[in-house]
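Notes to accompany the following structure.
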Amino acid sequence: MTDLPEVKLKTLVNFPSSAVGRVGINVEKDGGLFYLDLDYSKLAVITSFDPSTKGKRSFSPI
């Protein structure tokens with residue numbers, strides 16, 4: 001079997017014209033820049049973690 005040559009590409013990729021954050025994600029657009037941040041007010045505070053009943057998103061205000 002012949003080895004494949006190494007290929008390098010330079011591309012200009014456009015971010016979607018609109019972005020929507022789901023639970024716990026905040027999206028803000030300022031000019032041409034998109035800012036993706038965690039929205040801690042939408043994340044539940046938990047005192048113990050049981051992986052069989054809880055999702056992977058958590059926040060502990062220490």
Is L38 close to N26 at the side-chain level, that is, under 4.5 Å between some pair of heavy atoms?
no

Just to verify, what does K8 make a salt bridge (charged side-chain N to carboxylate O under 4.0 Å, His left out) with, not counting sequence neighbours?
E6

Tell me whether Y35 shares a hydrophobic cluster with Y40, the cluster being built from Ile, Leu, Val, Met, Phe, Trp, Tyr side chains joined at under 4.5 Å.
no

Residue set satisfying side chain to side chain donor-acceptor pair (under 3.5 Å) with D37, at least two apart, ordered chain then number -> none

